[in-house]
Amino acid sequence: MAVEGTARKLLGWERVKANKTISFSKRTSAALLVGTVLAGQAAVAQAQQAAPQSVKPPVAVPTAGQPAPAQPAARTIRAITVVGAQRLEPDTVRSYTALRVGAPYSSETIDQALKDLFATELFADVQILDPGGNGELTIQVRENPVINRIILEGNKRLKEDKIRPEIRLAPRQIFTRTKARADVARIIELYRRQGRFAATVEPKMVQLDQNRVDIVFEINEGPKSKVRQINILGNEKFSDGDLRGQMATKQSRFYRFFSSSDSYDPDRLAYDQQKLRQFYLTEGYADFRVISAVAELTPDKRDFIITYVVEEGDRYKFGDIAVESELRDFNSDTVKNLIRIKKGDWYNAKAVEDTVDGITETAGLFGYAFADVRPEFDRKKDEKTMGLTLKVANAPRVYVERIDINGNTQTQDKVIRREFRLAEGDAFNSFQVKRSQDRINSLGFFQENLEIEQKQGSAPDRIILETNVEEKSTGELQLSAGFSSLERFIINTSITQRNFRGKGQLLRAAINYSSYSKSIELGFTEPYLMDKNIALGGDIFRRDYNSFQYVGNNDRNTTYEQLSTGFGVRMGVPITEFWQAQARYGLTFDDVTLDKDLFYSDVDGDGDIECDPLRAGRYLCDAIGKRTTSALGYTLAFDNTNNRLRPSAGHRLSLSQDFAGLGGDVKYIRTIARGSKYWNVFGGFIFSLTGEGGYIHSLEGPRTDDAGNPIDRIRLTDRFFLGEPQIRGFDIRGVGPRIIRRPLVLNSDTNQYEPSTDKQQQTDDALGGRAYYLARAELEIPLGSGARELGLRPSVFVDAGAVFGLLDPILTQFPGTCSASGQNSVNASAPGVCPANFTYDNNGFQEDYFGDSPKPRVSVGFGVNWNSPFGPFRIDIAKALVKEPGDDTKLFTFNVGTQF
């Protein structure tokens, strides 16, 4: 008799010849992840089902009055032979069963032996045969193959480094379908956590020689499952739109392409239920509850429909409010002054929470780190009031036992510890802890939103401050090329280390090249000189700047070139926690030149060429020359922002003055004042107001040109300029005093020569000013997590400002020249009026002075900062609302490949 058990198929796997792909006949998906039990066979033991059954003789059912048939007698095992084993020894295979030579066997013992062998997960197929029926059993096995490699195909949204840790199958392991099925489930669950519920995984097996296989997981990621609709049932006091606005999950709409809030997330579903409850509790509905929240997958398995059933309940008002404090120097009267809740106000759970936090924080200022403030409620349903008693339990005054810093592998401990406003042994103060946290965040060396944890110390009056940091890259190597509307073609190479040697030192080197500027700079700053709170730094530089004038609408013509070489040293010391003072000294050698081919001529007719005012303008001729500027300056600054890099709260104030004249050729006093204020508004929006103004006063005597005419004592290169990027909506140096030279053209109607109104024919030279002011209001708009990961930060803004205060320049009104064959040219007596036999050359021009006005220029617009793979990117679209004659406006500006 032959007794055999087989397990030829599991989960639809099908075998073909060697080196052929073996695939599922049924696709495993998120909706179906169960084993297929073959009809007429029992499922494999490792799948927690019964083992394949052996062949049994039919059992006759006795009828009434008949005796039960006799059961077949058990046989004795005479021998056990193992066939088909490759890696396993025959004795090892036999040891997995209870079959032994000399022992009896029956159908039941054979079935149990099959179960035992399949339970090892070492075999793909097992048969137990008794060909002669004489007890000489043959165990015929086919071992599971060895895995050669694991291959992933079709995964684009999830990279292999995210998927492979979820796969338990590995090369050189024995393949089992149980593990394969489990791996499929884990991969699908991984995609579900990414919001891709339509993802499917089809495992395939490629058979190789020597009983080896390649396992291929073919992944069809499918689209990200969106939330098609959110239904709310049971709400009467608030509309569906009001309640949807409180949820983190949003309905899928075309304009949310930058947001991930419309993707389905089961965790977010639970969070939204809490958000609904919080909203109703802030509106006085203390009995509100969410009865059910159901997310249904649409038939196409692409989207979800979420339905909430809510019960609003009655609205309550605050009843009697009492305070009980057991703290010695923090009595009930002190606590009452901190409470803003009044009897008769609508009940607001958020107001209660804020009150408790405020009392706890204030208690921390008194040294009670673990103050226990418990609100107790007295709900009166009949009166629909909610009484409140705030109980402040007794607690010891706490001292700092220890400050622990963990996770810093590069940054030295002292760099972090010196930012703490508390030392070990000090009395605990919650304000100082918060300030320490802000200062550490402002370093920019660690993860955002770092927090200092407060843990119980070795005694009730001891506390441990633990700081767990995650260091981020502080070195930057930038090699970029780009195009800027400000400087045209740009090449930028810079290397910066903001945490040099882990000591918080700043080391910087930069080389920049563009169409209008070239520079090389080296700088170093030691923030704590000899471990004292004294900052010392220095810079050396060489800058080659080409100024330009506008010719037409967009073309530019280089005017003067300013070559500056110099160095600067600076030192800063703190005055208080928020006030700082800085002193600096700088020495700069400037050489201002003009293109001799364009702007020089033999003005006096003596054979020597010099700057020609008719070509360059008197203001440029006055600017050329070499000069040395030796300047000593200081800055007083106040800064209580929560983050020096990207503040969202606090304000800054600064006053700077520079005195030039400690040697050198230039003497002036330059004064600049700045201020800014930041607010976190509307749950994530950051609103800021910024203002600044400056004035430069000459300490030199009156200056005159070669003709004895008075000229402004502040040289062109030392003045203030405004425009892009300070005031968006205006071109570079597009605001303030300027001279516009317009050619004289013949008016056919009047037959007179008049200044041209065609901007294509005009030249525009900005002169700058001695005084300026600038103001800006900006609102930064928060985006979803997906956009934040891309580094997108959009904002809307209003800019206003002006630059003014120059001595009126001497203007040139040139009627033009007349020429005749064989004779020297002569100046026309008036535009178009020439001596006899001379022809007018049509080269007359008129200069006009514009823009020297303190009236504000105003622009409004929006922009986006993007930390792109190609470098920082800034785009602004701004419209000038208020301008003065002569101002140059610009609607669209952008920068790529430069730091800003």
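Computed from a predicted structure; not experimentally measured.
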Polar side-chain atom of [X] near backbone of [Y] as donor-acceptor pair, under 3.5 Å:
{"X": "Q454", "Y": "I463", "value": "no"}
{"X": "K250", "Y": "R244", "value": "yes"}
{"X": "T298", "Y": "D303", "value": "yes"}
{"X": "D242", "Y": "F238", "value": "no"}
{"X": "R397", "Y": "Y368", "value": "no"}
{"X": "R168", "Y": "P165", "value": "yes"}
{"X": "N235", "Y": "L243", "value": "no"}
{"X": "D183", "Y": "L169", "value": "yes"}
{"X": "E296", "Y": "F304", "value": "no"}
{"X": "R186", "Y": "E166", "value": "yes"}

4.5 Å side-chain heavy-atom contact, [X] and [Y]:
{"X": "V309", "Y": "S292", "answer": "yes"}
{"X": "M247", "Y": "I232", "answer": "yes"}
{"X": "F318", "Y": "K343", "answer": "no"}
{"X": "F288", "Y": "V290", "answer": "yes"}
{"X": "N406", "Y": "V469", "answer": "no"}
{"X": "N155", "Y": "R157", "answer": "no"}
{"X": "N220", "Y": "E202", "answer": "no"}
{"X": "F377", "Y": "Y347", "answer": "yes"}

Rounded to the nearest 0.5 Å, what's the gap from [atom1] on [X] to [atom2] on [Y]? Could you check?
{"X": "E466", "Y": "I405", "atom1": "CD", "atom2": "CD1", "result": "10.5 Å"}
{"X": "R652", "Y": "D639", "atom1": "CZ", "atom2": "CG", "result": "5.0 Å"}
{"X": "D378", "Y": "D320", "atom1": "CG", "atom2": "CG", "result": "8.5 Å"}
{"X": "I403", "Y": "S436", "atom1": "CD1", "atom2": "OG", "result": "7.5 Å"}
{"X": "L792", "Y": "N865", "atom1": "CG", "atom2": "CG", "result": "9.5 Å"}
{"X": "L327", "Y": "D372", "atom1": "CG", "atom2": "CG", "result": "9.5 Å"}

CA sep, side-chain torsions, deciding dist, call: E401, R462, salt bridge (charged side-chain N to carboxylate O under 4.0 Å, His left out): CA-CA 5 Å; E401 177 181 353; R462 295 290 183 266; 5.5 Å; no

Verdict with supporting geometry, S263 and K224, side chain to side chain contact (heavy atoms under 4.5 Å, CB included): CA-CA 7 Å; S263 299; K224 202 162 189 177; 3.6 Å; yes

Side chain to side chain contact (heavy atoms under 4.5 Å, CB included) between V400 and L465, intermediate numbers included: CA-CA 7 Å; V400 178; L465 301 180; 4.3 Å; yes

Check the surroundings of atom [atom1] in [X]: do more than 12 heavy atoms from other residues, nucleotides or ligands lie under 6.0 Å from it?
{"X": "Q456", "atom1": "CD", "result": "yes"}
{"X": "K472", "atom1": "NZ", "result": "yes"}
{"X": "R302", "atom1": "CZ", "result": "no"}
{"X": "E453", "atom1": "CD", "result": "yes"}
{"X": "E160", "atom1": "CD", "result": "yes"}
{"X": "Q229", "atom1": "CD", "result": "yes"}
{"X": "R374", "atom1": "CZ", "result": "no"}
{"X": "K384", "atom1": "NZ", "result": "no"}

Looking at every heavy atom in both [X] and [Y], which two are closest together, and how far apart are they?
{"X": "N643", "Y": "S442", "answer": "CA-OG, 3.3 Å"}
{"X": "E778", "Y": "S795", "answer": "OE2-OG, 2.7 Å"}
{"X": "Y399", "Y": "A427", "answer": "CD2-CA, 3.6 Å"}
{"X": "S225", "Y": "A198", "answer": "OG-N, 4.2 Å"}
{"X": "L190", "Y": "R193", "answer": "CD1-NH2, 3.0 Å"}

Would you give me the side-chain donor-acceptor pairs under 3.5 Å for residues 679-689, sequence neighbours excluded?
residue : atom : partner : partner atom : Å
N680    : OD1  : G684    : N            : 3.4

Verdict with reasoning, F197 to Y264, per ring-ring contact (aromatic ring centres under 6.0 Å, His included): CA-CA 9 Å; F197 285 79; Y264 175 71; 5.2 Å; yes

D438 versus N642, side-chain donor and acceptor atoms under 3.5 Å: no

Polar contact flag, side-chain donor to acceptor under 3.5 angstrom, D272-Q274: no

Intermediate values then yes/no, side-chain hydrogen bond (donor to acceptor under 3.5 Å, both in side chains), D357 and T360: CA-CA 5 Å; D357 291 341; T360 303; 5.3 Å; no

Audit row: D265, T249, side chain to side chain contact (heavy atoms under 4.5 Å, CB included) steps and yes/no: CA-CA 8 Å; D265 186 344; T249 303; over 6 Å; no

Q246: side chain to side chain contact (heavy atoms under 4.5 Å, CB included) partners, not counting sequence neighbours: F279

Trace of the side chain to side chain contact (heavy atoms under 4.5 Å, CB included) decision for I219 with I163: CA-CA 11 Å; I219 302 172; I163 299 177; 4.0 Å; yes

CA sep, side-chain torsions, deciding dist, call: T409, E471, side-chain hydrogen bond (donor to acceptor under 3.5 Å, both in side chains): CA-CA 8 Å; T409 57; E471 290 182 320; 2.8 Å; yes

Full working for salt bridge (charged side-chain N to carboxylate O under 4.0 Å, His left out) between R435 and E419: CA-CA 9 Å; R435 179 60 183 165; E419 302 300 329; over 6 Å; no

Chi angles and distances behind the salt bridge (charged side-chain N to carboxylate O under 4.0 Å, His left out) call for E221, K156: CA-CA 8 Å; E221 296 178 315; K156 296 179 180 178; over 6 Å; no

Side chain to side chain donor-acceptor pair (under 3.5 Å) partners of residues 276-289, not counting sequence neighbours, each pair once: Y280-E312, D287-Y316, D287-R379, R289-E311

